[in-house]
Structure formats: structure tokens, C-alpha cells
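This structure is a prediction, so every number in the text was calculated from the model and none was measured. Protein chains get the first letters and strands the later ones, always in sequence-line order, with residue 1 at the start of each.
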There are 2 protein chains.
Amino acid sequence: MKTIDERQQVMLENKIQKYFISTAPYIDQGICPTKNLLATSLDKWSLFCILNLGYFKVLRFNQLKKNIDGISSRMLAVTLQRLENHDIVARKVFSSVPPKVEYSLTSFGFELANKIIDLSNWFMDNSKALQ
Amino acid sequence: MKTIDERQQVMLENKIQKYFISTAPYIDQGICPTKNLLATSLDKWSLFCILNLGYFKVLRFNQLKKNIDGISSRMLAVTLQRLENHDIVARKVFSSVPPKVEYSLTSFGFELANKIIDLSNWFMDNSKALQ
DNA sequence: CGGTATCCGTTGCGATACTG
DNA sequence: CAGTATCGCAACGGATACCG
């Protein structure tokens, strides 16, 4: 059991202060960045999409659907659209018949994938409660 | 726009592989660690609880309720219980009348708070889409 | 003070069917 | 192939009332 010293505590307080200062203008407009950025980018299906695209680099719609066990067309479409709107995923359409659409991570999405997987692995290594 | 070189890609692939290997046993039991750890620890109310406890160190139930704008008793209770079950928050009961209960972060919760706030601040600094 | 119990509207999301 | 449209169930979560 590590102890939390005063210096660590002050560092955390400063970071939290920074967060509340930078989010305040959005809160005033009724927009919750916490919810819009974290919660919606880190839900279950988003995570699987990001990890799949992080691993395979480029995937088509039905390849993603096969890889992500249990996802419906609707949720995959909704999730990918949201990730595209957040500039996490890039969508490339080839105008051919039958249609072909390729999904991949943006550079922002690639950075995000790294941060998320680090957090996830830390969780798996350190959490005592997995249920 | 940074480019993603081959070395970075391979590093990410390895991390993702590690994640899928370490989660596989749970998946087989029908438990989804991704959902149970990330999604439930990082929802909107959990975040506010963690950040408040990170900032003020120790808070009582109704102090938390005042600080977290809009939360109901029910959701605060549910959220705190879940965080306690995940060993993120510690609950200390003083058997007195009227009752007094103090909440604080565990050392695991403190580490988590740091990781979450770093991710949140990175989001605020780098994301183009806040809605 | 620190919750729990209940009700109930809203949202999420899976299944199915359909389309350019 | 890559989605959209519609439906309907189930879970989430807010409001209110109540309790040790």
C-alpha cells in the first residue's frame, strides 16, 4: 500500500483545477465535455472498434462486424458515425458497385488508442474487482 | 499531422494483443472486463465523484451531493457503492447519531484519478469535437 | 444524516426488414 | 456491401416518499 504524499496530492489538485477551468465555458453552455468526450468515446462498442482498427489498421464495415462479437449493424453504424464525428475514425468511400467503405484510425484516434489500451492494461494488472 | 510509423504501429499491436490475452479467460466466463472496468468506472457520475474526492480528499455524502450538480441521492448512492466495490473509493462509517460517513479515494483510486484526469486534460487540449 | 423503496418516463439497443 | 427504418423490450436514471 503506497502512501499518498503531500506533493502528489497537490499535483492532482492542480490537474483537476485545470480540468474544471477548461471545461467551465462548455458547462455554461449546457455542454458536458466529460460526458461527450470520455463517456461516449469509451463505451463498450467504441472500445472494440478502436482496438480492432488499432490492430488491423484498415477494415471494412462487415469485417468489423465479424470481428466484434455480438454487435448489430445498427450499433456498428451508430458507433462508427460518432467516432467519425469525434475525429477518432476516418471513413473512406470508394464509389463502386458494390460499395466499398474502409475505416481506419485518424492520427488523433491512434494516440487515443494508445492511451486507452494503456489504461485498460493497467486496469487488468491492478484492479482487484473485475466484475 | 503526425505520421504513424511502423514501430509505433507494432507497439500498439502488442499492447492490444496483451489486452485480449489477459481478458480472454473472463470473456469465456461471460464477463466483459472492458465493460465492467472501464465503462462502469468512467461514466459521468463516477468521474465527478472521483474528481471531487481527488480534490477534497475526504467528503461526506451530502457534501458530495452539493458539489456534484444535478446528482440525485439514488445515483450518488449507487455510484459510490459501485466505486467502493471496485476498490476505488473507501467508505468510513462513524457510529454516531446522527450518522456520519466519510468517503475518500483508496490508493488505487488515487492512481486512477491521476490517469483519468490526465486523459481528460489531454482530451480537452487535443480534441476538435466537443459535442 | 445518509441513505432505501417505489414509481415511471426516457433512452438505449437488439431484431428484423428493407434499400441504393 | 454498407448501411437505414421501424418496432418493441429492457435498462437507466430522475422524482418523490420514506426510514434507522
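- With dG3(C), dC1(D), dG3(D) as the choices, the nucleotide that has an atom nearest any side-chain atom of Phe61(A) turns out to be dG3(D).
- Closest contact between the side chain of Ser73(B) and the listed nucleotides dG14(C), dT4(C), dG13(D) involves dT4(C).
- Each of Arg91(A) and Arg74(A) lies near DNA chain D, and the nucleotide nearest Arg91(A) is the one positioned closer to the 5' end.
- With rounding to whole Å, Leu76(A) atom CG is found 14 Å from dA15(C) atom P.
- Other residues, nucleotides and ligands contribute over 12 non-hydrogen atoms within 6.0 Å of the CG atom of Asp28(B).
- Within the 4.0 Å cut-off from OP1 or OP2 of dC1(C), not a single side-chain nitrogen or oxygen of Tyr103(B) is found.
- Rounded to an integer number of Å, the gap from Lys92(B) NZ to dG3(C) C1' is 20 Å.
- For the pair Asp69(B) CG and dG14(D) C1', the interatomic distance rounds to 14 Å; values are reported in whole Å.
- Out of dA2(D), dG14(C), dT4(D), the shortest distance to the side chain of Val101(A) is found at dA2(D).
- Taking the six-membered ring where tryptophan is involved, the planes of Phe61(B) and Tyr103(B) are tilted, since the angle between them lies from 30° to 60°.
- Using a cut-off of 4.0 Å between Lys/Arg side-chain N and Asp/Glu carboxylate O, Lys18(B) and Asp118(A) are scored as not salt-bridged.
- Map Pro98(A) and Lys44(B) each onto its nearest nucleotide of DNA chain D; the residue landing nearer the 5' end is Pro98(A).
- Closest to the side chain of Pro99(B), from the set dG3(D), dT4(C), dG2(C), is dG2(C).
- Between the CD atom of Gln63(B) and the C1' atom of dG2(C) there is a distance of 12 Å, rounded to whole Å.
- When the options Ile88(B), Leu59(B), Thr106(B) are evaluated for a side-chain contact (heavy atoms from CB on, under 4.5 Å) with Leu53(B), the one that passes is Leu59(B).
- Rounded to a whole Å, the NZ atom of Lys66(B) is 10 Å from the P atom of dG2(C).
- With dT4(C), dT4(D), dG14(C) as the choices, the nucleotide that has an atom nearest any side-chain atom of Gln81(B) turns out to be dT4(C).
- Counting to the nearest Å, the C1' atom of dT11(C) and the CZ atom of Arg82(A) are 13 Å from each other.
- Rounded to a whole Å, the CZ atom of Phe94(B) is 13 Å from the P atom of dG3(C).
- Whole-Å rounding puts the Asn62(A) CG to dT4(D) P distance at 13 Å.
- Contact of the Trp122(A) side chain with the Glu111(B) side chain is registered, since non-hydrogen atoms from C-beta on lie closer than 4.5 Å.
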